[in-house]
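Notes follow the structure.
Please read these numbers as outputs of a predicted model, since none were measured by experiment.
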Amino acid sequence: MSALRPGDITDEMIQAMDAAKRQGLQRDLRALASNIRADAEGRYDSAEPGWRAGVEWTLLWIENTAAQLTEGTPGAGAGGRGQGVSPE
């Protein structure tokens with residue numbers, strides 16, 4: 001196998017790699033949300049009122065962040081900073 005030379009990695013390759021990273025992160029975030037949702041089910045009735053709102057806000061934030069990773073939204077890179085959801 002020959003060594004890579006400057007110019008061997010095209011912009012399309014870089015874009016494909018970035019898209020794959022975003023899709024992987026999106027899957028991980030959605031799995032996290034699913035795990036949180038499953039763990040929280042059945043606990044709402046006995047929990048303090050603010051706890052349920054906090055869980056719902058967290059799930060909304062995770063889902064919004066995951067969605068932004070593949071929507072092509074400006075600032076939708078890894079971390080999604082600046083694209084927050086207000087807890088109110």
Side-chain angles (χ1 to χ4, degrees):
M1 182 174 188
S2 63
L4 288 175
R5 297 178 307 252
D8 285 349
I9 299 174
T10 65
D11 288 340
E12 291 81 17
M13 292 173 163
I14 292 170
Q15 290 172 355
M17 182 182 68
D18 288 343
K21 286 180 184 179
R22 285 190 305 274
Q23 289 171 350
L25 180 55
Q26 185 181 53
R27 278 190 303 271
D28 291 347
L29 286 169
R30 290 198 166 133
L32 174 63
S34 178
N35 289 339
I36 291 170
R37 189 175 292 111
D39 287 345
E41 286 179 4
R43 297 183 187 186
Y44 285 145
D45 295 336
S46 63
E48 295 178 24
W51 187 84
R52 181 176 183 159
V55 169
E56 291 174 359
W57 181 89
T58 300
L59 292 173
L60 178 63
W61 183 86
I62 291 170
E63 290 293 340
N64 285 341
T65 300
Q68 290 173 5
L69 290 170
T70 56
E71 286 180 355
T73 305
R81 290 192 171 99
Q83 302 291 323
V85 176
S86 173
E88 296 175 354

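- Between Arg52 and Glu56 there is a salt bridge, since at least one side-chain N of the basic residue sits less than 4.0 Å from a carboxylate O of the acidic one.
- Note: Lys21 NZ to Gln23 CD = 13.0 Å, rounded to the nearest 0.5 Å.
- With sequence neighbours excluded, the residues satisfying side-chain hydrogen bond (donor to acceptor under 3.5 Å, both in side chains) with Gln26 are Thr70.
- Legend: residues meeting salt bridge (charged side-chain N to carboxylate O under 4.0 Å, His left out) with Arg30, ordered by chain and number and at least two apart, are Glu63.
- Applying the side-chain hydrogen bond (donor to acceptor under 3.5 Å, both in side chains) rule to Glu12 yields the partners Thr10; only residues at least two apart in sequence or on another chain are considered.
- Residues Leu59 and Trp57 share a hydrophobic cluster, clusters being chains of Ile/Leu/Val/Met/Phe/Trp/Tyr side chains in contact below 4.5 Å.
- Closest heavy-atom contact between Leu29 and Ile62: O-CG2, 3.2 Å.
- Contact of the Arg22 side chain with the Asp18 side chain is registered, since non-hydrogen atoms from C-beta on lie closer than 4.5 Å.
- Note: the hydrophobic cluster containing Ile36 also contains Trp51 (ILVMFWY, side chain heavy atoms under 4.5 Å, direct or indirect links).
- No more than 12 heavy atoms of other residues, nucleotides or ligands lie within 6.0 Å of CD1 in Ile9, so this atom counts as exposed by the packing criterion.
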